[in-house]
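Okay, so here's the structure we're looking at.
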2 protein chains.
Amino acid sequence: MHDDRREGATVDATTRPTLESVAQRAGVSRQTVSNVLNAPHLVRAETTDRVRAAIDALGYRPSSAARQLRTGRSRVLGLRLEPVHDGINGAVLDRFLHALTESAQARGYRVMLFTAPDDDREIAQYGELLDTADLDAFVLTSTHRDDRRAAWLAERDVPFVTFGRPWDPPGDDRPAHPWVDVDGAAGTRAAVDHLRRLGHERIAYLGWPDGSDVGEDRASGWAAAMVDAGHDGGLLRRLHARVPDGVAAGAQATERVLADASPTAVVCASDSLALGALTVARTHGTSLAVVGFDDTPVAAAVGLTSVAQPLTEAAHRTLDLLLDQLDGTGGTRSREVLLAPHLVERASSRTP
Amino acid sequence: MHDDRREGATVDATTRPTLESVAQRAGVSRQTVSNVLNAPHLVRAETTDRVRAAIDALGYRPSSAARQLRTGRSRVLGLRLEPVHDGINGAVLDRFLHALTESAQARGYRVMLFTAPDDDREIAQYGELLDTADLDAFVLTSTHRDDRRAAWLAERDVPFVTFGRPWDPPGDDRPAHPWVDVDGAAGTRAAVDHLRRLGHERIAYLGWPDGSDVGEDRASGWAAAMVDAGHDGGLLRRLHARVPDGVAAGAQATERVLADASPTAVVCASDSLALGALTVARTHGTSLAVVGFDDTPVAAAVGLTSVAQPLTEAAHRTLDLLLDQLDGTGGTRSREVLLAPHLVERASSRTP
DNA sequence: AGTTGCGATTGGAACGCTCAAACGGATGCC
DNA sequence: GGCATCCGTTTGAGCGTTCCAATCGCAACT
């Protein structure tokens with residue numbers, strides 16, 4: 001059986017095979033070929049085989065443009081690429097994007113990117129992409145309070161999932177939507193537990209200023225774990241530093257907390273802060289265990305113990321929730337997924 | 001003039017406006033509306049105004065599926081997202097992607113992602129994307145010797161541009177193709193010049209083992225600048241360390257070179273290596289100026305002077321070359337673009 | 001034998017757009 | 001006045017698919 005792909009009657013080599021040419025070759029009608037692909041249960045087994053053979057022989061691949069025109073679905077997901085992040089932590093979303101692309105591809109979907117400088121223009125892009133490109137769904141990242149994006153999409157019955165839980169206070173009347181997020185509190189709690197197992201008692205926390213919901217979440221895990229460990233409110237407050245993200249800020253805050261509350265370990269809200277703490281620990285020769293957050297490449301590079309978000313799983317679950325809406329299969333599954341991060345132990349927490 | 005968008009005769013609110021409905025409202029034919037959008041010079045000014053008004057009133061947006069079905073073009077570019085990078089340097093391509101998405105969007109193109117574990121499967125994806133999604137062009141990254149991808153695309157007349165020059169030796173018979181790249185040699189040369197202006201004479205180089213073309217390029221800039229500065233071959237060889245990328249490897253190599261050739265400064269092929277050098281310099285209290293490469297977020301975070309690739313411009317130029325092929329406008333412009341990087345000066349090179 | 005029912009297959013229509021060709025009216029020329 | 005020429009516009013067709021209703025063959029039941 002040699003590789004002759006241009007045997008079809010009226011089909012010449014330069015033309016892409018279509019349903020029609022496949023049908024002709026298999027001796028069936030256009031629609032039957034379509035059914036083999038989209039509704040196999042309607043077709044007799046023997047016919048299916050014949051059609052499949054013709055498809056393979058011609059190398060037929062359905063045109064998504066034609067399919068899209070007819071059905072209004074594109075099997076494409078939209079994702080906003082945020083303005084280039086500064087700092088070390090921005091890479092998290094990039095890694096999520098990688099995982100999402102892979103997950104989507106494995107299930108026959110593609111990811112299309114767009115950019116927007118703010119939420120309003122992101123919404124404008126939704127409109128344009130829906131109208132012109134018929135995108136099937138969107139993945140939203142970086143959810144925050146008063147996030148109008150979710151409401152806009154929900155109002156128009158556009159399927160979407162957010163990576164990041166809805167942060168609006170519970171009294172709010174916004175409709176629920178499916179989301180995937182990583183449990184920051186569980187992450188910092190795991191960090192505290194890890195450090196306590198290593199014998200640390202005075203464990204400080206380097207977090208961000210109030211106003212960041214993600215920040216509050218991470219701080220709360222540390223605080224709760226410390227309370228569980230029997231720590232009293234006064235000391236806790238002195239062990240808790242709030243600074244803007246950044247290496248330098250992290251270093252300064254570490255010096256302050258060291259002077260004020262003499263901790264033997266510090267849990268940080270980000271790897272940037274942790275890197276600051278680490279430089280202080282290493283240059284001063286202080287014995288200070290450090291744990292960061294997000295397990296960025298830098299953490300691996302400098303031997304920083306860090307809380308790792310399960311981004312591959314997050315992407316996978318995001319797609320699950322999306323396909324539940326698109327293919328209408330699910331419905332039984334929970335529509336709110338909170339994943340536990342895990343600690344990656346490295347040298348920075350194994351102080352001598 | 002109140003906002004009534006559902007005035008069209010047979011058009012109701014739930015249906016997306018089409019060429020036909022716009023035409024009806026403007027009192028012209030379908031094709032004239034199409035011409036207003038795609039070939040304005042064919043339409044009388046007065047008619048154009050009337051049609052434009054109708055378009056605005058109805059909020060019409062052309063369906064790219066229909067357009068694509070008819071024309072075979074999608075205004076979508078494909079880009080392979082490489083497997084998640086380890087190390088610090090991987091973020092470069094992510095930043096390029098951000099810039100590319102923005103550039104493309106500004107010119108009416110979209111970026112669609114896909115993944116592939118190796119070149120062969122990347123090529124398979126090309127085929128699938130071309131057949132099913134009618135992608136207009138591809139952007140290739142991480143070019144290397146014996147890169148079959150470019151040949152495959154060229155053979156099929158698929159427009160593409162590589163970010164990364166073709167590394168095959170000149171004798172090769174591979175056809176030329178448009179590319180954009182950053183001049184690594186110019187980058188390391190700038191680093192040397194910078195350090196010499198600061199009074200350094202013995203400037204070491206931390207590079208990768210042989211076999212990496214990008215590595216050779218960067219090393220050659222340092223070597224040439226050192227020769228220009230009057231350095232002799234024997235010392236040069238001892239100032240040149242070759243190690244696999246990584247922070248730890250960079251630190252070890254720095255110690256070795258310090259012991260062997262006592263440089264006062266070191267230029268590195270990557271920020272990872274530079275970070276290793278920096279830790280040595282800082283912990284040993286050695287006065288060693290350090291310059292990295294790629295200006296990753298880490299460099300900014302730890303105050304590392306680094307050679308920055310002009311990624312935004314690279315993306316822009318990539319798109320220029322792509323559109324030259326797609327819209328057939330250009331042809332005069334050079335099809336090979338080599339961009340000069342620039343040095344971002346930070347504390348690590350300003351040794352006391 | 002005639003009707004009903006069902007599974008498998010078919011042909012026509014439509015999705016919204018652009019291409020190619022045809023058309024009508026104004027203008028120019030002999 | 002007749003004919004070619006031009007510009008601006010319209011008409012018909014078709015891109016490749018899926019939806020929908022119709023059809024066909026066959027078995028089962030009255």
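The sequence lines fix the lettering, A, B, ..., with proteins before strands; numbering per chain opens at 1. Everything numeric in this text was worked out from a predicted model, so none of it was measured. Side-chain atoms are counted along with the backbone in the values below, which use heavy atoms only and exclude waters and symmetry mates.
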In 5'-to-3' order, the base (B), backbone-only (S) or no-contact (-) status of each nucleotide in nucleotides 8-17 of chain D, using a 4.0 angstrom heavy-atom cut-off, is SSBBBBBBBB

Distance in Å, B/Glu102 CD paired with B/Gln105 CD, rounded so as to fall on 0.5 Å steps: 7.5 Å

Using five base pairs at each end, measure the axis-to-axis angle across the helix from C/dA1-D/dT30 to C/dC30-D/dG1 and round it to 10 degrees. 60°

Suppose we screen for side-chain contact (heavy atoms from CB on, under 4.5 Å). Which residues come up paired with B/Ala65, at least two apart in sequence or across chains? A/Gln68, A/Leu69, B/Ser63

Is the B/Phe96 ring parallel, tilted or perpendicular to the B/Phe163 ring (thresholds 30°, 60°)? parallel

Note: A/Pro83 and A/Ala116 closest approach over all heavy atoms is CD-O, 4.1 Å

How would you list all residue pairs meeting salt bridge (Lys or Arg N to Asp or Glu O under 4.0 Å) that involve residues 150-159 of chain A, not counting sequence neighbours? none

Roughly how many Å is it from CD in A/Glu46 to C1' in C/dG7, rounded to a whole number? 15 Å

Residues at least two apart in sequence or cross-chain that pass side-chain contact (heavy atoms from CB on, under 4.5 Å) with B/Thr101, listed by chain then number, are A/Leu81, A/Leu113, A/Thr115, B/Leu97, B/Val111

Kindly write out the residues that satisfy side-chain contact (heavy atoms from CB on, under 4.5 Å) with A/Thr71, not counting sequence neighbours, or none if the list is empty. A/Arg67, A/Arg73

Taking the six-membered ring for Trp, are A/Phe114 and A/Phe138 parallel (under 30°), tilted (30 to 60°) or perpendicular (over 60°)? perpendicular

